Amino acid sequence: MTRIDPTSFRDINPGERLLMGPGPSDVPARVLQALAAPCIGHLDPYFLATMNETQQLLRHLFQTGNALTMPVSATGSAGMEACFVNLVECGDEVVVAVNGVFGTRMCDIVTRIGGKLIRVDGEWGRAIDPAAVEKAVKSCTPKVVAVVHAETSTGACTPLEEISRIAHAAGALFLVDCVTSLGGMDVPIDALAVDAAYSGTQKCISCPPGLSPVTFSPEAIKALERRKHPVVSWYLDLGMVRDYWGNERKYHHTAPVNMVYAIREALRIIAEEGLETRFARHRLNHRALVAGIEAMGLAMLVPEKERLPMLNAVRIPEGVNDARVRKALLTDFAIEIGGGLGQFAGKVWRVGLMGHSCRRKNVFLFLAALETVLKAEGFKARPGAIEAATAVYAAAG
Ligand SMILES: *Cc1c(COP(=O)(O)O)cnc(C)c1O
């Protein structure tokens, strides 16, 4: 047996960061406190009540009456996989709209489970065109039509109303990725007639990564019950997970007890703030950030009307080194932002204003820090970023 010296491992102490990337976002102290509460048995009456309350709070955030609403015990990608493996069987036709990394991931999953993929490719950095989805839907008999509401890889927002109508007109289930949108903008599941949706804890819910809230409509549950073959994933089979989170409390797996405390607290904070207030806060801070960015002479990737409030993709100016700027922001200012993905690697920065990170003081701190770092890079930002952001806040009253 090899020996290791335990004293060579120091205490975990990452220090403070300001998380303004594509997730995780800053976690409020109250959520960290909840995470540190005593771990109890997952069938303890106290925990069962906590599970029920978590589901109630989740239904409020999803704006749904769906009975099957609960956090899957893994990150957002597991929620994505759970939705597809439960609704898609080998040979089923599935239309997936792709305008970034996460739509691409959906396609990968559909193919792996033997679904027949009909892929609608949209331009990265733009919303999906509903007419393109309609054309694809009419070319087949889709069981599911899937779209990413908030493409975190580009900062583009795809409106859901029209695509929902197209999916239902074709008799398909409507599946939505709201990992980045949920908690930062309106995602009214029932009003939009969404049949299956998943999210993640570490974006606008501002809880550490580790859970994926999922909701299934009664129609989606019917499709699940009408399956010809068992769900190919044992862990993500919502038929069984449902009996664990439902009244039976039939043991399936052990819920990550402390993570459930944490999301419950994060959801309680959201309910205290109020959904409308929270969404308005995201829109306002986004507008102030964009005003500052543009005042500096930098450009946004996504056209104004298609922008997400919580994920801001900024074009990296010619001659400026992507990695050096992000490193300087982190080491000199303890600010984390994200780099570009796929075709935008090295081309854009992704600046998050998610949940608890989405605050006026952070907008100012980021603008000032970026200006300073760009100056050191030899890029002369135009003056007036702070003033431009201030003007947005002043006009909002
Ligand atoms: C972050 C994200 C995911 C994946 O979530 P993980 O928690 O990283 O597994 C999926 N879809 C979108 C739109 C995301 O932003």
Side-chain angles (χ1 to χ4, degrees), residues 19-27 31 58 62 70-85 96-110 112 122 124-128 146-160 163 174-187 189 194 196-215 233 235-236 256 259 262-263 266 282 286 301-302 306-313 336-342 344 348-355 357-358:
L19 299 179
M20 295 183 74
S25 59
D26 280 348
V27 178
V31 174
L58 264 184
F62 273 125
M70 39 99 222
V72 165
S73 304
T75 69
S77 304
M80 182 190 289
E81 199 147 77
C83 288
F84 284 102
V85 292
V96 178
V98 181
N99 60 345
V101 166
F102 294 103
T104 310
R105 188 173 297 180
M106 284 178 161
C107 293
D108 190 358
I109 293 174
V110 169
R112 280 166 190 250
W124 284 37
R126 300 296 307 269
I128 292 289
V147 65
V148 177
H149 186 206
E151 236 320 331
T152 322
S153 60
T154 67
C157 176
T158 294
L160 300 174
I163 301 176
F174 186 39
L175 196 169
V176 173
D177 175 320
C178 54
V179 175
T180 280
S181 48
L182 192 72
M185 62 190 288
D186 209 18
V187 190
I189 293 295
V194 173
Y198 59 90
S199 189
T201 42
Q202 77 274 26
K203 315 274 167 98
C204 291
I205 297 175
S206 283
C207 179
L211 293 176
S212 174
V214 165
T215 187
S233 165
Y235 192 68
L236 298 175
M259 272 306 295
I263 192 177
H282 280 78
H286 159 74
L301 172 72
V302 177
E306 299 170 23
R307 280 177 204 154
L308 288 168
M310 68 286 290
L311 197 287
N312 300 273
E336 179 187 273
I337 64 165
L341 290 180
F344 293 124
V348 301
W349 290 309
R350 292 182 300 148
V351 184
L353 285 172
M354 297 180 173
S357 293
C358 180

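Here, residue 1 is the first one in the sequence, and each next residue gets the next number. Every number for a ligand or one of its atoms is a count from 1 in the order of the listing. It should be emphasised that the depicted structure is a prediction, and the values quoted were computed from it without experimental measurement. Note: hydrogens, waters and symmetry copies are ignored here, and every other heavy atom, side chains too, is used.
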Do L301 and W124 pass the side chain to side chain contact (heavy atoms under 4.5 Å, CB included) test, and can you show the C-alpha distance, the side-chain angles, and the key distance before you say yes or no?
-> CA-CA 10 Å; L301 172 72; W124 284 37; over 6 Å; no
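In this structure, the side chains of T152 and V179 stay at 4.5 Å or more apart for every pair of heavy atoms.
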Within the protein, flag every N or O under 3.5 Å from an N or O of ligand 1, and note the pair and distance.
| unit_1 | atom_1 | unit_2 | atom_2 | d |
| --- | --- | --- | --- | --- |
| ligand 1 | 7 (O) | G76 | N | 3.0 |
| ligand 1 | 7 (O) | Q202 | NE2 | 2.8 |
| ligand 1 | 9 (O) | T75 | OG1 | 2.7 |
| ligand 1 | 9 (O) | G76 | N | 3.4 |
| ligand 1 | 9 (O) | S77 | N | 2.8 |
| ligand 1 | 9 (O) | S77 | OG | 2.6 |
| ligand 1 | 11 (N) | D177 | OD2 | 2.7 |
| ligand 1 | 15 (O) | T152 | OG1 | 2.3 |
| ligand 1 | 15 (O) | T180 | OG1 | 3.1 |
| ligand 1 | 15 (O) | K203 | NZ | 2.6 |

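Residues meeting the side-chain contact (heavy atoms from CB on, under 4.5 Å) test with V96, sequence neighbours left out: V94, V98, M106, C107, V110, L117, A146.
Note: M354 CE to T180 OG1 = 4.0 Å, rounded to the nearest 0.5 Å.
Remark: the backbone N or O of F102 is paired with a side-chain donor or acceptor of E151 at under 3.5 angstrom.
Partner of S206 under the side chain to side chain contact (heavy atoms under 4.5 Å, CB included) criterion, chosen from C358, S357, S25: S25.
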